[in-house]
Amino acid sequence: GAVVSQHPSRVICKSGTSVKIECRSLDFQATTMFWYRQFPKQSLMLMATSNEGSKATYEQGVEKDKFLINHASLTLSTLTVTSAHPEDSSFYICSASAPGQGEKLFFGSGTQLSVL
Amino acid sequence: QKEVEQNSGPLSVPEGAIASLNCTYSDRGSQSFFWYRQYSGKSPELIMFIYSNGDKEDGRFTAQLNKASQYVSLLIRDSQPSDSATYLCAVKSQAGTALIFGKGTTLSVSS
């Protein structure tokens, strides 16, 4: 149980375009999802906390108008990178905690974004 | 600012040896501690978690926590080449909050 599905796994786009990443909890309801970003050989950096039905909470230094997060249902959260630029190229990972699983976080498989 | 520190390595051990991975954290209020393994280009996978001071063993893995010293470690016994990966230490301050990750330690087990 506690499977988190993330799509797409890899996306290549031109500079200036927008990219949407989906994160779904397949077998549980996730009231809170977390979005991380990881640059090569760096750690996972928390970008934002997404709560179902309310606005996301962004970490310091993360532009909320650039990284749009929508958590419209208990099983789906989306991250849209608007007007992507090469410096946005990174590995984006979503995660969620599942009821009855304590404090563990379950991760999606990640999305490798490459902006040309 | 909450920080989690790890030696980036690489840590190289021969097959069959014990690998010792260390982590310190800055937030004294931290309550939950996790070790994840990550292969290149993949998302992290949970190895162990620990909440209380002392040791917790699971197969070849032992997590050790010392809250007074703000220190958590992971021991891997009988290391195998398949254990070669980056090991991420993560800390959670309270229930419902996100994990704060260290930069990870790269482990290389040679056969």
Side-chain angles (χ1 to χ4, degrees), chain A residues 1-7 9-10 21 23 30-52 54 56-62 69 77 89-114, chain B residues 1-11 21 23-27 29-52 56 58 63 65 72 85-108:
Chain A
V3 177
V4 176
S5 175
Q6 184 174 344
H7 294 281
S9 59
R10 180 178 295 272
I21 302 169
C23 181
T31 55
T32 303
M33 288 189 176
F34 305 98
W35 287 93
Y36 290 86
R37 177 170 56 181
Q38 186 178 35
F39 293 106
K41 299 191 183 300
Q42 297 295 314
S43 184
L44 280 76
M45 297 299 296
L46 180 66
M47 297 177 66
T49 300
S50 165
N51 293 297
E52 185 266 338
S54 62
T57 302
Y58 290 82
E59 294 300 301
Q60 190 174 11
V62 178
I69 293 175
S77 177
S89 298
S90 185
F91 190 54
Y92 293 85
I93 313 175
C94 67
S95 67
S97 56
Q101 295 288 338
E103 295 303 310
K104 289 180 284 186
L105 283 188
F106 298 89
F107 286 85
S109 54
T111 298
Q112 183 63 53
L113 171 63
S114 299
Chain B
Q1 187 171 355
K2 300 172 184 176
E3 294 183 346
V4 178
E5 299 287 342
Q6 293 181 259
N7 187 325
S8 62
L11 173 64
L21 304 162
C23 171
T24 59
Y25 57 94
S26 63
D27 183 8
S30 300
Q31 298 183 5
S32 309
F33 307 86
F34 302 80
W35 283 99
Y36 283 83
R37 176 171 60 196
Q38 186 179 30
Y39 296 105
S40 181
K42 304 294 185 182
S43 64
E45 54 180 323
L46 180 66
I47 298 175
M48 289 192 70
F49 59 92
I50 186 168
Y51 300 144
S52 305
K56 180 181 179 182
D58 183 1
L65 174 62
V72 58
T86 296
Y87 289 80
L88 303 172
C89 173
V91 172
K92 179 180 283 197
S93 60
Q94 57 184 335
T97 60
L99 290 177
I100 305 301
F101 284 87
K103 287 187 176 182
T105 298
T106 300
L107 172 66
S108 177

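Here is how names work: the chains are called A, B, and so on, in the same order as the sequence lines, proteins then strands, and each is numbered from 1.
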For chain A, the option from B:Gly41, B:Ser32, B:Pro44, B:Ala90 that forms the most heavy-atom pairs under 4.5 Å: B:Pro44
Part of B:Gln38 within contact of chain A (heavy atom distance under 4.5 Å): side chain
Residues, nucleotides or ligands: over 12 heavy atoms within 6.0 Å of B:Lys56 NZ: yes
Heavy atoms of other groups near B:Lys103 NZ, more than 12 under 6.0 Å: no
Criterion side chain to side chain contact (heavy atoms under 4.5 Å, CB included) against B:Ser43, the qualifying member of A:Tyr36, A:Phe107, A:Phe106: A:Phe107
Contacting region of A:Ile93 [heavy-atom separation from chain B under 4.5 Å]: side chain
Choice from A:Gln6, A:Gln42, A:Gln38, A:Gln112 maximising heavy atom contacts with chain B below 4.5 Å: A:Gln38
Interchain contact, A:Gln60 with chain B, by part (heavy-atom threshold 4.5 Å): neither
CD on A:Glu59 to CE on A:Met47, rounded to 0.5 Å: 10.0 Å
Heavy-atom contact with chain B under 4.5 Å, split by part of A:Leu46: side chain
B:Leu46 portion near chain A, given a 4.5 angstrom heavy-atom threshold: side chain
Test ring pair (Phe, Tyr, Trp, His ring centres under 6.0 Å) applied to A:Phe91 - qualifying residues, sequence neighbours left out: none
Residues forming a ring pair (Phe, Tyr, Trp, His ring centres under 6.0 Å) with A:Tyr58, sequence neighbours excluded: none
